[in-house]
Protein chains: 4
Amino acid sequence: MTKNADLSVDIFQITTGSSEPIYRQMVEQLRRQILGGQIHAGDAMPSVRDVASGLGVNPMTVSKAYSLLESDGLLVRRRGLGMIVAQRHTQFNEAESRLELLRPSLERVGLEAQQLKLATADVLQMLREILERA
Amino acid sequence: MTKNADLSVDIFQITTGSSEPIYRQMVEQLRRQILGGQIHAGDAMPSVRDVASGLGVNPMTVSKAYSLLESDGLLVRRRGLGMIVAQRHTQFNEAESRLELLRPSLERVGLEAQQLKLATADVLQMLREILERA
Amino acid sequence: MTKNADLSVDIFQITTGSSEPIYRQMVEQLRRQILGGQIHAGDAMPSVRDVASGLGVNPMTVSKAYSLLESDGLLVRRRGLGMIVAQRHTQFNEAESRLELLRPSLERVGLEAQQLKLATADVLQMLREILERA
Amino acid sequence: MTKNADLSVDIFQITTGSSEPIYRQMVEQLRRQILGGQIHAGDAMPSVRDVASGLGVNPMTVSKAYSLLESDGLLVRRRGLGMIVAQRHTQFNEAESRLELLRPSLERVGLEAQQLKLATADVLQMLREILERA
DNA sequence: GTGGTCTAGACCACA
DNA sequence: GTGGTCTAGACCACT
């Protein structure tokens with residue numbers, strides 16, 4: 001994979017049935033992929049229209065996601081040219097930091113497991129299977 | 001803990017800032033605690049008014065949660081006496097079934113871990129610490 | 001003026017002909033009025049629909065402004081009840097701090113005056129007239 | 001400074017982050033400097049390519065600014081030789097007229113100062129410091 | 001070509 | 001009643 005390449009449209013995996021809004025799914029997915037190093041600083045994002053037609057959603061929905069990512073500092077808008085992945089957030093890639101981003105979801109799992117009175121070993125086993133399957 | 005006791009208001013742990021609606025947090029938490037056996041059939045639920053003032057939320061929100069739990073068959077309304085935990089759902093607590101209830105949250109963790117390019121061992125280790133701390 | 005009152009719709013003065021987008025005009029105006037102490041913490045904002053029909057703009061435009069102000073921490077959304085002015089930004093009211101918010105506009109005036117080779121006294125005199133007229 | 005000199009690239013001070021488009025910043029800045037007498041009729045403008053590389057902007061952006069200035073009559077295109085500052089607009093520099101060009105920016109400052117509830121004396125003092133520093 | 005803004009109108013979730 | 005989301009489609013500005 002070369003740097004500064006154009007990203008394919010299928011960087012987004014949208015679930016339209018979810019209660020989580022589409023634009024928010026896009027924001028969270030892109031954030032994780034940038035921080036995870038799967039998307040590099042300087043990469044050109046696919047255009048709003050391309051993503052919209054590729055996913056079958058309204059361009060405004062995509063635009064909203066891009067705008068939020070821009071105000072977050074993860075994307076940079078180049079007027080008339082499109083958006084690219086920002087530089088300054090790419091150094092935030094140490095595995096330890098990324099693991100911390102997963103903590104809220106794990107805390108949620110912890111609370112639910114406690115309320116369900118589940119054994120630690122059973123929960124860890126199920127998660128191991130899911131992780132190794134992916 | 002004895003059976004048919006009065007339940008305290010703090011069976012609910014509400015996060016008002018969350019995007020998950022309050023009534024839904026209450027429904028899911030109570031469901032898990034009933035299925036996990038931490039709340040028993042016949043236990044008396046605290047009144048709508050007590051829960052509302054205790055948590056600082058709108059009484060209509062609590063009422064909506066109770067209504068959903070009632071139409072789910074988890075609570076039973078006793079006219080003029082308040083609500084109690086229903087009988088028929090308490091037997092549904094085989095560990096295997098309860099574990100399945102946790103699967104959606106674990107699947108979500110799996111997707112996020114993949115996008116963050118995290119190592120399986122690191123994720124499992126963090127979850128183990130959370131589970132053993134609780 | 002009492003605290004926690006409902007704000008009238010005419011807190012916004014929109015210029016539709018301007019190149020500055022409507023939602024941005026609203027954001028900046030409200031920010032200044034909050035920091036200037038003309039709008040108090042806890043005040044209820046007029047509803048999206050009321051503002052929209054009052055100004056003759058689309059509700060989504062108003063909603064966009066409100067959303068930006070919320071992510072800025074100046075407004076707080078209360079689900080199903082509307083938005084109120086946040087608490088924490090009201091202490092930032094010292095005159096000195098507010099004056100700093102005006103600096104960018106004054107710097108712009110300074111650059112333009114320099115390029116037009118205008119005399120300091122003339123510029124100050126014109127600004128004085130404008131300020132005393134308001 | 002002698003007449004009919006070559007102008008350096010740094011007659012333009014561009015802010016790429018601004019919401020004001022680059023070509024518009026260039027147009028307004030050059031207009032003010034011509035009317036203010038800092039740029040004289042007959043002076044040679046730097047080439048599109050020099051300005052573009054000097055400022056790090058797209059050559060088409062510089063070209064658009066030059067074209068607008070030409071259709072405004074402020075610049076004259078000399079085939080194969082580049083552009084020079086036109087004659088006819090240089091006489092338009094009575095101080096009173098130039099001051100009027102600053103009025104819109106001052107009106108804007110007035111509105112913002114009012115919304116920030118600032119004292120006239122404080123605003124004038126800050127502007128004085130900026131003007132005397134320049 | 002790019003993204004930004006706005007409209008009109010629909011539907012949903014929350015209190 | 002409140003705000004949020006999404007669509008379809010138009011128009012604009014920048015490069």
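Within every chain, numbering begins at 1; the chains are lettered A, B, ... in the order of the sequence lines, protein sequences first and strands thereafter.
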Tell me the interatomic distance from [X], atom [atom1], to [N], atom [atom2], rounded to whole angstroms.
{"X": "A/D50", "N": "E/dT2", "atom1": "CG", "atom2": "P", "answer": "6 Å"}
{"X": "B/L68", "N": "E/dA13", "atom1": "CG", "atom2": "P", "answer": "12 Å"}
{"X": "A/L69", "N": "E/dG3", "atom1": "CG", "atom2": "P", "answer": "13 Å"}
{"X": "B/Q25", "N": "E/dC14", "atom1": "CD", "atom2": "P", "answer": "11 Å"}
{"X": "B/I22", "N": "E/dC14", "atom1": "CD1", "atom2": "C1'", "answer": "9 Å"}
{"X": "B/M60", "N": "E/dA13", "atom1": "CE", "atom2": "P", "answer": "16 Å"}
{"X": "C/L75", "N": "F/dG4", "atom1": "CG", "atom2": "P", "answer": "10 Å"}
{"X": "D/R24", "N": "F/dC12", "atom1": "CZ", "atom2": "P", "answer": "16 Å"}

Nearest-nucleotide 5' precedence on DNA chain E, A/M83 against B/P21: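 So the residue in question is A/M83.
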Whichever of A/R78 and B/E20 has its nearest DNA chain E nucleotide further upstream toward 5':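 Closer to the 5' end of DNA chain E: A/R78.
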Contact under 4.0 Å: A/S63 side-chain N or O vs E/dT5 OP1/OP2: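 Result: no.
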C/R79 side chain near F/dG3 phosphate (N/O to OP1/OP2, under 4.0 Å):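 For F/dG3, neither OP1 nor OP2 has a side-chain N or O of C/R79 closer than 4.0 Å.
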Along DNA chain F (nearest heavy atom to each residue), the more 5'-positioned of C/Y66 and A/P59: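 Closest to the 5' end, via its nearest nucleotide, is C/Y66.
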5′-ward residue of the pair C/V48/A/L81 relative to DNA chain F: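 This one resolves to C/V48.
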Atom [atom1] in [X], atom [atom2] in [Y]: separation rounded to 0.5 Å?
{"X": "A/I34", "Y": "A/L69", "atom1": "CD1", "atom2": "CG", "answer": "6.5 Å"}
{"X": "B/L74", "Y": "B/I84", "atom1": "CG", "atom2": "CD1", "answer": "12.5 Å"}
{"X": "C/Q29", "Y": "D/Q115", "atom1": "CD", "atom2": "CD", "answer": "5.0 Å"}
{"X": "C/L106", "Y": "C/L101", "atom1": "CG", "atom2": "CG", "answer": "11.5 Å"}

Side-chain-base donor-acceptor pair under 3.5 Å for C/R49 and F/dG3: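 Result: at least one qualifying N/O pair found.
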Assign [X] to base, sugar-phosphate, or nothing according to its heavy-atom contacts below 4.0 angstrom with the strands shown.
{"X": "B/V57", "value": "nothing"}
{"X": "C/N58", "value": "base"}
{"X": "A/K64", "value": "sugar-phosphate"}

Mate of F/dC14 where both pairing distances stay under 3.5 Å, Watson-Crick or G-U: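 F/dC14 is paired, partner E/dG1.
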Side-chain heavy atoms of A/E20 within contact of A/E28, under 4.5 Å: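 Heavy-atom side-chain distance check passes, below 4.5 Å.
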Flag side-chain contact, heavy atom, 4.5 Å: A/V51 against A/Y66: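 Yes, side chains in contact.
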Among E/dG4, E/dC14, F/dG4, the one nearest B/Y23 by side-chain distance: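 Of the options given, the side chain of B/Y23 lies nearest E/dC14.
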Listed nucleotide nearest any side-chain atom of B/T61, set E/dT2, E/dA15, E/dC6: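 From the listed options, E/dA15 comes nearest.
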